[in-house]
Amino acid sequence: MIINDSRAKVHTVAGRAFLVTSGIFQQYCRTFPDAGEWRALQKRFEALRLHRKRPNGLNIWTCRVQGPRKTSLVKGYLIEQPEGIFETVPADNPFLRLVEDEP
């Protein structure tokens, strides 16, 4: 799995894992067709409660991606315990910044 790359669906930011939604669930379902429909898989993931909710109770966080030529935003789940995903937790992606003050 690609991590911390412009094509990646998994990043590290602010000492946590960041899973880009809905792309990570779609990619998983393409790789493992028996997993079912990606929206159902996403709901099953949310039910595990491995992710950190935003202060307003919503599940999805935003990260600003600052590249050499452009800036964009990506949305995803923030995982408090990256050790549960990575054998060795990689350094934070230097191009990502967590947007913590969004409405």
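Within a 6.0 Å sphere centred on CZ of Arg52, heavy atoms belonging to other residues, nucleotides or ligands number more than 12.
Note: Thr71 OG1 to Gln66 CD = 3.0 Å, rounded to the nearest 0.5 Å. Here Leu48 contributes atom CG and Lys43 contributes atom NZ; the two are 13.5 Å apart, rounded to the nearest 0.5 Å. Considering NZ of Lys75 and CG of Asn59, their distance stands at 13.0 Å, rounded to 0.5 Å. Atom-to-atom distance recorded for Ile24:CD1 and His11:NE2 is 9.0 Å, nearest 0.5 angstrom. Atom-to-atom distance recorded for Glu37:CD and Gln26:CD is 9.0 Å, nearest 0.5 angstrom.
Looking at Asn93, its side chain never comes within 3.5 Å of a backbone N or O of Val65 through a donor-acceptor pair.
Relative ring orientation between Phe25 and Phe45 is described as tilted, the plane-to-plane angle lying within the 30° to 60° band.
Residues Ile2 and Val89 do not share a hydrophobic cluster, clusters being chains of Ile/Leu/Val/Met/Phe/Trp/Tyr side chains in contact below 4.5 Å. Residues Trp61 and Phe95 do not share a hydrophobic cluster, clusters being chains of Ile/Leu/Val/Met/Phe/Trp/Tyr side chains in contact below 4.5 Å.
Using a 4.5 Å heavy-atom threshold, the side chains of Ile60 and Tyr77 count as touching.
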**Message:** Evaluate Leu78 against Val13 for side chain to side chain contact (heavy atoms under 4.5 Å, CB included), listing each step before the verdict.
**Reply:** CA-CA 9 Å; Leu78 199 58; Val13 63; 4.1 Å; yes
